[in-house]
Asks: 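I'd like to ask you about the structure that follows.
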Amino acid sequence: MGSKVYKALFLIIGIASLGYMIYGTGPVVIWEGIQKTGIWFVPVIGSWLVIYVLNAFAFRAIIREPRLPESNLSFWSVLRLTISGYAINYITPFVALGGEPYRIMELKPALGIQKATSSVLLYSLMHMFSHVLFWLASIILIVAVVPLNNMLLAGCGLLLIAGVVLGYWFINVYKKGFMVNTFRLLEKVPFIKNKAREFALKNAETLYEVDEQIRVLYADRRNVFYASLFYEFVARVVGCLEIFFTAHAIGLDMTLSESLIISSGSSLFANLIFFFPMQLGTREGGLALALKSVGLPAAQGIFIGVVMRIREIVWIAIGLALMSKKTKRDTAASLSERVQTIDY
């Protein structure tokens with residue numbers, strides 16, 4: 001019953017946030033953006049279906065284990081969970097991680113809490129790790145393609161070092177685990193250390209089991225690790241097509257390499273200011289700076305940002321619809337079980 005309440009709460013918050021996004025963007029602006037983009041709006045939306053399919057392949061590869069028949073979930077169920085989870089992330093302020101608890105709750109009945117938690121955590125780590133690798137590849141491309149002064153070159157060097165350090169941290173997490181060390185760190189933080197210690201003691205077995213499954217992925221399931229990372233990295237590259245299609249819709253002569261640089265630069269800027277809900281304003285600023293860096297009109301970043309916002313609204317609506325459909329199915333199944341209990 002508790003999970004159904006939480007799912008209903010997620011759905012209500014999602015619908016309210018979607019309404020806020022539509023109101024904040026403006027129905028007139030949305031309609032004008034769709035009209036101005038024209039037929040190019042179809043591949044903009046479609047490119048994200050490809051991205052979500054790749055995300056789902058990466059997520060399902062992590063979930064499935066030959067020794068656990070219950071982990072052989074259908075691709076559709078994982079795709080539905082992927083899309084709806086990201087829909088929640090879009091509308092969640094502060095690091096955009098609201099979709100992770102939802103995914104754990106959805107997977108828990110089939111996999112159990114430990115496997116569900118480790119699978120979602122492993123996928124989230126993989127998603128972030130691929131982002132770091134994408135940034136590193138983009139920095140190399142920026143240095144090779146974009147004319148840089150000494151200050152920008154130094155900035156790229158610092159970002160490259162930061163990316164390598166982050167990559168090293170991710171590899172250590174895969175080797176040693178994450179949960180136990182995180183709670184050991186939290187036990188030293190004022191105001192929350194007592195609560196963290198209490199939670200760690202109460203759930204010690206679960207935390208160690210989750211860490212063990214994290215280590216197993218890198219140590220014993222290396223082919224799955226690299227396959228999942230490959231799917232996620234390719235998804236990042238496909239994400240550049242959204243900017244490429246939108247630019248051509250408004251007559252900008254943009255190359256694929258430039259769209260990759262702009263996508264990487266704008267996402268880096270947005271993630272540096274991660275606490276804004278729905279990245280309000282940060283994306284447009286990042287797009288303007290990135291466009292200017294490759295010699296394109298910075299003002300067009302506003303329109304590209306609007307189209308990206310419209311795409312988000314479309315996929316949030318799809319994600320919430322998938323959540324709603326699952327919630328209704330769960331309710332119907334629960335009523336059926338009650339009827340059978342009464343009959344017998």
Side-chain angles (χ1 to χ4, degrees), residues 1-11 52-89 92 97-130 173-174 177-180 182-183 199-200 202-229 231-232 319 322-334 336-337:
M1 181 62 72
S3 64
K4 292 177 184 177
V5 171
Y6 280 115
K7 280 191 283 187
L9 183 62
F10 275 130
L11 190 59
Y52 286 136
V53 166
L54 289 166
N55 293 153
F57 274 124
F59 194 12
R60 189 167 183 250
I62 289 171
I63 293 171
R64 294 178 68 186
E65 291 187 57
R67 64 185 180 86
L68 298 174
E70 64 272 20
S71 68
N72 189 22
L73 303 179
S74 69
F75 180 76
W76 164 247
S77 65
V78 178
L79 180 60
R80 180 192 62 78
L81 196 56
T82 300
I83 296 172
S84 55
Y86 280 125
I88 296 172
N89 280 348
T92 309
L97 291 176
E100 275 56 46
Y102 167 76
R103 287 170 176 158
I104 291 171
M105 285 191 303
E106 288 287 276
L107 290 172
K108 181 182 173 182
L111 305 179
I113 186 62
Q114 293 175 349
K115 175 63 177 173
T117 302
S118 65
S119 296
V120 171
L121 178 59
L122 278 167
Y123 174 68
S124 297
L125 287 171
M126 189 66 72
H127 188 69
M128 291 184 283
F129 187 31
S130 70
V173 166
Y174 285 117
F178 176 77
M179 300 297 289
V180 173
T182 298
F183 275 92
F199 182 90
K202 184 179 179 181
N203 299 277
E205 184 180 347
T206 299
L207 296 179
Y208 277 104
E209 176 61 27
V210 169
D211 272 352
E212 181 60 24
Q213 292 188 37
I214 292 173
R215 287 191 290 267
V216 164
L217 177 67
Y218 186 75
D220 300 334
R221 303 172 64 205
R222 196 69 67 89
N223 59 330
V224 173
F225 175 88
Y226 286 120
S228 181
L229 182 59
Y231 287 132
E232 282 294 312
L322 292 172
M323 282 179 63
S324 175
K325 184 178 179 181
K326 182 66 166 54
T327 302
K328 289 177 181 178
R329 190 185 301 133
D330 289 344
T331 303
S334 178
S336 176
E337 287 174 7

Asks: Under the criterion side chain to side chain contact (heavy atoms under 4.5 Å, CB included), I'd like the reasoning laid out for R60 against N72: C-alpha separation, chi angles, the key distance, then a yes or no.
Replies: CA-CA 8 Å; R60 189 167 183 250; N72 189 22; 3.5 Å; yes
Asks: How close do Y102 and S84 get, heavy atom to heavy atom, and via which atoms?
Replies: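 Reported closest heavy-atom pair: CE2-OG, 3.2 Å.
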Asks: Would R64 count as a cation-pi partner of F59, with NZ or CZ less than 6.0 Å from the six-membered ring centre and within 45° of the ring normal?
Replies: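 Pair R64/F59 does not count as cation-pi.
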Asks: Would T117 and L107 satisfy side chain to side chain contact (heavy atoms under 4.5 Å, CB included), going step by step from the backbone distance to the final call?
Replies: CA-CA 8 Å; T117 302; L107 290 172; over 6 Å; no
Asks: For Q114, is there any backbone N or O sitting under 3.5 Å from a side-chain donor or acceptor partner on S118?
Replies: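 Flag set: sc S118 to bb Q114 pair under 3.5 Å.
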Asks: Distance check, rounded to the nearest 0.5 Å: I63 atom CD1 versus L68 atom CG?
Replies: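 The distance works out to 12.0 Å.
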Asks: CG of N89 to OG of S124: how many Å apart, nearest 0.5 Å?
Replies: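 So the gap between those two atoms works out to 7.5 Å.
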Asks: When you check the side-chain N and O atoms of E100 and Y123, is any donor under 3.5 Å from an acceptor?
Replies: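 Judged by distance alone, the side chains do not pair up.
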Asks: Between S228 (side chain only) and F225 (backbone N and O only), is there a donor and an acceptor less than 3.5 Å apart?
Replies: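 Flag not set: sc S228 to bb F225 has no pair under 3.5 Å.
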Asks: Within a strict 4.5 Å, meaning less than it, do heavy atoms of the V78 and S74 side chains meet?
Replies: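 When only atoms from C-beta onward are counted, S74 and V78 do not touch, as no gap falls below 4.5 Å.
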Asks: Do N55 and Y231 make a side-chain contact, defined as non-hydrogen atoms from C-beta onward lying under 4.5 Å apart?
Replies: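 Side chain of N55 against side chain of Y231, heavy atoms only: no contact under 4.5 Å found.
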Asks: Is the distance between the ring centroids of H127 and Y86 under 6.0 Å?
Replies: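 Between Y86 and H127, the centre distance is under 6.0 Å.
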Asks: Between atom CZ of R80 and atom CG of L322, what is the distance when rounded to the nearest 0.5 Å?
Replies: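 These two atoms lie 7.0 Å from each other.
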Asks: Is a side-chain donor or acceptor of R222 paired with a backbone partner of Y218 at a separation under 3.5 angstrom?
Replies: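 Checking the backbone N and O of Y218 against the side chain of R222, a donor-acceptor pair under 3.5 Å is found.
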Asks: In Å and rounded to the nearest 0.5 Å, what is the CD1 to CG distance from I62 to L229?
Replies: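 I62 CD1 to L229 CG: 9.5 Å, rounded to 0.5 Å.
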Asks: With side chain to side chain contact (heavy atoms under 4.5 Å, CB included) as the test, would you mind laying out the steps for L125 and L121 before giving the verdict?
Replies: CA-CA 6 Å; L125 287 171; L121 178 59; 4.2 Å; yes
Asks: Has F75 got more than 12 heavy atoms of other residues, nucleotides or ligands less than 6.0 Å from its CZ?
Replies: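 Yes, enclosed.
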Asks: Is any side-chain heavy atom of T82 closer than 4.5 Å to a side-chain heavy atom of V53?
Replies: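 Sidechains of V53 and T82: no contact.
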Asks: Judged by atom type as modelled, is there a donor-acceptor pair below 3.5 Å linking the side chain of S71 to the main-chain atoms of E65?
Replies: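 Side chain of S71 to backbone of E65: a pair is present.
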Asks: Within a strict 4.5 Å, meaning less than it, do heavy atoms of the R215 and Y174 side chains meet?
Replies: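 The answer is no; the side chains never approach within 4.5 Å.
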Asks: Does some side-chain heavy atom of I104 sit less than 4.5 Å from a side-chain heavy atom of I113?
Replies: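 When only atoms from C-beta onward are counted, I104 and I113 do touch, with a gap below 4.5 Å.
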Asks: Please check this pair: side chain of D220 against backbone of V216, looking for a donor-acceptor N/O pair closer than 3.5 Å.
Replies: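 Side chain of D220 to backbone of V216, a donor-acceptor pair under 3.5 Å: no, none is there.
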Asks: Hey, are R103 and E106 close enough for a salt bridge, meaning a charged N less than 4.0 Å from a carboxylate O?
Replies: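 Salt bridge: no.
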Asks: Is E70 salt-bridged to K115, going by a charged N under 4.0 Å from an acidic O?
Replies: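 A salt bridge is absent here (no side-chain N lies under 4.0 Å from a carboxylate O).
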Asks: Is there side-chain contact between F129 and E232, with at least one heavy-atom pair below 4.5 Å?
Replies: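 Not touching, per the 4.5 Å side-chain cut-off.
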Asks: Should N203 and M179 count as side-chain neighbours, where that means a heavy-atom distance under 4.5 Å?
Replies: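 No. Closest side-chain heavy atoms not under 4.5 Å.
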